[in-house]
2 protein chains.
Amino acid sequence: MSSAQACESLGEPLSRVMTLLGKRWTGVVLATLMPGSVYFSELRRGVPGISDRVLNERLTELIGENLVSRTVIEGPPLRVRYELTEHGYALRPALDQLTAWAQEHLAP
Amino acid sequence: MSSAQACESLGEPLSRVMTLLGKRWTGVVLATLMPGSVYFSELRRGVPGISDRVLNERLTELIGENLVSRTVIEGPPLRVRYELTEHGYALRPALDQLTAWAQEHLAP
DNA sequence: CAAGCGACTTACAAAAAGTAAGTTGCAAAC
DNA sequence: GTTTGCAACTTACTTTTTGTAAGTCGCTTG
């Protein structure tokens, strides 16, 4: 396989992931959803520094990509659960690799 | 291990990686450097859509994190090679996982 | 000797993210 | 029984990042 082909085959799907993960907070939001479903307010607490506005924006995008599902629990009080879909959960090995890499190769 | 602890242990190094990869183009630039060292102009061609300005910015950041090295080749003509360091190259398994995930779980 | 390449740099516009306050529906506190 | 407060957003506005285009400098090629 030539270098150009390697670049192509690596590049195309990779650039699609990076369109998602290349936005601020997306990766951390997904990681925070890994342990299981959470309410909006729990998510916000789990992702220190993110604002309501952006958290909502990221969730909307992830729902649009079928990586996260949204379930309204009619109240009162009304609550909303967010949960990874199968596709979203499948990102776990990749995020684990990134975490391992950071621990070994990224300065604190 | 409690869910809160899991969140912590996954979260801290992950959020450091995402500070890097969460910026536009960073992931694709790193992936493009994987096959070997390249000149600035080759890199630009290898990352369609990126501008000189941002490519330069990303490279400067990556050099600052010791993930990429820069070598000036005195001309004329003067050229500059960019190459992954050991730390940068170590990201390969993670990027491969992301690529594999995109192929299986991300809509084109 | 005009035009172009390589590697940037600069100046300016558009898009994304940050910040803060507002909204709606209810419920416990005073 | 009115104020306070939470949950889940939404809106308006500021700041930061990106995008776009042109400019620079040394040299080379037609």
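By convention in this document, chain letters (A, B, ...) are assigned in the order of the sequence lines, proteins followed by strands, and residues within each chain are numbered from 1.
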How long is the line joining CZ of A:R79 and P of D:dA7, in whole Å? 6 Å
Pick one: which of A:L20, A:T26, A:L84 meets side chain to side chain contact (heavy atoms under 4.5 Å, CB included) with A:L67? A:L20
Is there a donor-acceptor pair under 3.5 Å between the side chain of B:S37 and the backbone N or O of B:E83? no
Span of DNA chain C engaged by chain A, first through last nucleotide within the 4.0 Å heavy-atom cut-off, is C:dA17 to C:dA27
Does the side chain of B:W25 get closer than 4.0 angstrom to OP1 or OP2 of D:dG19 through an N or O atom? yes
d(CD1, B:I73; P, D:dC27) in whole Å: 17 Å
Between atom CD in A:E42 and atom P in D:dC6, what is the gap in whole Å? 15 Å
Is a side-chain N or O of B:R16 found less than 3.5 angstrom from the main chain of A:L106, in a donor-acceptor match? yes
Which part of the nucleic acid does B:R70 contact within heavy-atom distance under 4.0 Å: base, sugar-phosphate only, or nothing? sugar-phosphate
Is B:E61 paired with B:R58 through a side-chain N to carboxylate O contact shorter than 4.0 Å? yes
How many Å lie between OH on A:Y39 and P on D:dA8, as a whole number? 8 Å
Less than 3.5 Å apart, any donor N or O on the side chain of B:T19 or A:R24 sitting next to an acceptor on the other? no
Considering every strand and a 4.0 Å limit on heavy-atom distances, what is the contact class for B:S41: base, sugar-phosphate, or nothing? sugar-phosphate
Please work out which residues in residues 52-60 of chain A have a non-hydrogen atom less than 4.0 Å from an atom of DNA chain C and list them by number. A:R53, A:V54, A:E57, A:R58
Could you state the atom-to-atom distance from CE of A:M18 to P of D:dT18 in whole Å? 12 Å
